[in-house]
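Numbering of ligands and ligand atoms starts at 1, following listing order. What you see below is based on every heavy atom in this structure, not just the backbone, and it leaves out hydrogens, waters and symmetry mates.
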Amino acid sequence: MHYDVAVVGLGIVGASAVYAAAWAGARVLALDAGTPGGGTSGSSFAWLNSVRKEPDAYHRLNAAGMTAHRELSRELGGDAGYHDGGSLEWADGDDAERELRERVHRLASRGYPAEWISRERATELEPGLAIPDQVRDVAFFAADAWLDAPRLIGRLLAAASARDAEVREGKTVRSLRTRGDRVEALVLDDGEATASSVLVCVGPATQAFLEPLGVVIPVGRVPGLLAVTSHPATALGRVVHAPGIHLRPDAGGGLLLGAEDVDTLAANAGSPAALSGLLLERAAHVFPAARQLRIANSRTGVRPMPGDRHTIAGRIPGLANGWLIATHSGITLGPLLGRLMADEIVHDKPSSTLAPFRPDRFLTAGMTTG
Ligand SMILES: Cc1cc2nc3c(=O)[nH]c(=O)nc-3n(C[C@H](O)[C@H](O)[C@H](O)COP(=O)(O)OP(=O)(O)OC[C@H]3O[C@@H](n4cnc5c(N)ncnc54)[C@H](O)[C@@H]3O)c2cc1C
């Protein structure tokens, strides 16, 4: 069987591309080494937002990613894992407060839903929060949401299968066999598969996957730890960023907890059990019902982190029919990037939105060898 498009890697990014390519009429082969959604996408805080995404082109890309999620959720119907409600954030200390004020102002002036609400209003929205007395105003980002990413991935692949996409899990692509500037075949453990175009969406494995082709696209691996609690007596409805802790509802009914400095400790071989305990202790300061909770499990995910921290999407340098997407904030960006790349591959319609994010920027920066 020869396919129009083969997609390697079925996290949120690859699954979105599979869905969009099948929707565009392509015959799609979709391959994952493990279980779809079992990589970084299944171990993510999965906050859909564009509140700290600079410069402006990257902010707009993420805001467009949020719009794509809303459209996709309507298109799929039923529970496709999308949870709206916005996000709340407050700061502690002069510098952090100034940074948040400037950010809310900057975002609102760009037309992003960002506003100040009173502490009382924030507590009406989230009765379980104990916002410190000295905090008078809380930032509210009304369009933010969170995603049950494994659920959306499952829905995308089921919808693509209904359009004749062939989805195979437990299928590692060992390499791409190339000749001149073309990918001729995908090399599997039990033979080869062929497709007119190949899209590589292997997340944190990107750099290692492409190196044998003589292409060095800098994509680092940045671990992060999240802890899941038992079910709280008081529900939490949305994403909350408080000093030293961020939390949101977990799809299983508990709370999902994380913190940037704890990620750094996790990256330096801190014990997941001890670090999860630290997260729970911090959560209890801002969400007192957490005092009665225990840690149900913890998840360590590895962020694919492009060398300049911004999305990489486009042709693999040196290949006419090979493409790649590698990005941080892939939960926010997956559906948008999947659709834009599917349009480009299937309909030969490159998007100007992606112009600042092409892989060959690393060539001109002298970071790629060919
Ligand atoms: C702790 C943490 C918090 C985060 N918080 C957020 C957030 O709040 N908001 C946000 O937008 N983003 C967030 N991110 C980032 C986001 O989760 C990632 O950018 C995104 O999940 C990447 O998706 P992906 O599809 O590229 O990769 P993955 O989900 O890792 O998927 C890649 C897939 O490729 C497969 N694969 C690898 N090699 C091969 C091969 N050779 N052959 C076949 N298959 C292969 C793997 O099995 C895997 O399933 C967070 C990440 C972490 C770790």
Under a 4.0 Å heavy-atom limit, does [X] contact ligand 1 with its side chain, its backbone, both, or neither?
X    : result
C201 : backbone
T327 : backbone
A149 : neither

Under 4.0 Å from a heavy atom of [X]: give me the atoms of ligand 1 that qualify, with their elements.
X    : result
S43  : 1 (C), 2 (C), 52 (C), 53 (C)
K171 : 43 (C)
T172 : 41 (N), 42 (N)
F45  : 3 (C), 4 (C), 5 (N), 8 (O)
V8   : 42 (N), 43 (C)
I12  : 23 (O), 25 (O)
P204 : 30 (O)
G301 : 53 (C)

Would you indicate which of [options] comes nearest to [atom] when only heavy atoms are counted?
atom                    : options              : result
atom 12 (N) of ligand 1 : S329, S87, G338      : S329
atom 23 (O) of ligand 1 : S41, A15, G42        : S41
atom 45 (C) of ligand 1 : P223, A33, G38, A266 : A33
atom 50 (C) of ligand 1 : S44, A17, P150       : S44

Might you confirm whether atom [atom1] of [X] has over 12 heavy atoms from other residues, nucleotides or ligands at distances under 6.0 Å?
X    : atom1 : answer
E260 : CD    : no
R177 : CZ    : yes
D94  : CG    : no
H105 : NE2   : no

### Task
Could you check whether the rings of Y58 and F357 sit parallel, tilted or perpendicular, using 30° and 60° as the cut-offs?
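Tilted, since the angle between the ring planes falls between 30° and 60°.
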May I ask you to identify the nearest protein heavy atom to [atom], giving residue, atom name and distance to one decimal place in Å?
atom                    : answer
atom 52 (C) of ligand 1 : R303 CG, 3.6 Å
atom 48 (C) of ligand 1 : D32 OD2, 3.4 Å
atom 28 (P) of ligand 1 : T40 N, 3.7 Å
atom 9 (N) of ligand 1  : W47 O, 2.9 Å
atom 27 (O) of ligand 1 : G203 CA, 3.5 Å
atom 18 (C) of ligand 1 : G330 N, 3.8 Å
atom 36 (N) of ligand 1 : V202 CG1, 3.9 Å
atom 34 (O) of ligand 1 : G9 CA, 3.3 Å

With the side chain counted from C-beta on, respond yes when [X] and [Y] share a heavy-atom pair under 4.5 Å apart, and no when they do not.
X    : Y    : result
I312 : R361 : yes
M341 : E344 : yes
M66  : P113 : no
T229 : F287 : no
P317 : I217 : yes

#### Entry: Distance-only N or O hit between ligand 1 and G14, under 3.5 Å
no
### Query
Polar-atom distance check: G224 versus ligand 1, any N or O pair below 3.5 Å?
no
### Task
Taking the six-membered ring of W116 (Phe, Tyr or Trp), confirm whether the NZ or CZ of R101 is under 6.0 Å from its centre and within 45° of its axis.
yes
### Query
Do E99 and R103 sit within salt-bridge range, that is, some charged N less than 4.0 Å from a carboxylate O?
yes
#### Entry: ring pair (Phe, Tyr, Trp, His ring centres under 6.0 Å) contacts in which one or both residues fall within residues 223-278, not counting sequence neighbours
F45-H246, W47-H241, H241-H246
### Message
I'd like to know if the side chain of R151 and the backbone of A251 have a donor-acceptor N/O pair within less than 3.5 Å.
### Response
no
### Query
Between D144 and Y112, does any side-chain donor sit less than 3.5 Å from a side-chain acceptor?
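The answer is yes; a qualifying pair exists.
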### Message
Can you see whether H2 engages S196 through a side-chain donor-acceptor pair at a distance of less than 3.5 angstrom?
### Response
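Judged by distance alone, the side chains do pair up.
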### R174 to ligand 1, any heavy atom closer than 4.0 Å
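Heavy atoms of R174 never come under 4.0 Å of ligand 1.
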### Query
Within less than 4.0 angstrom of ligand 1, does G258 place any heavy atom?
no
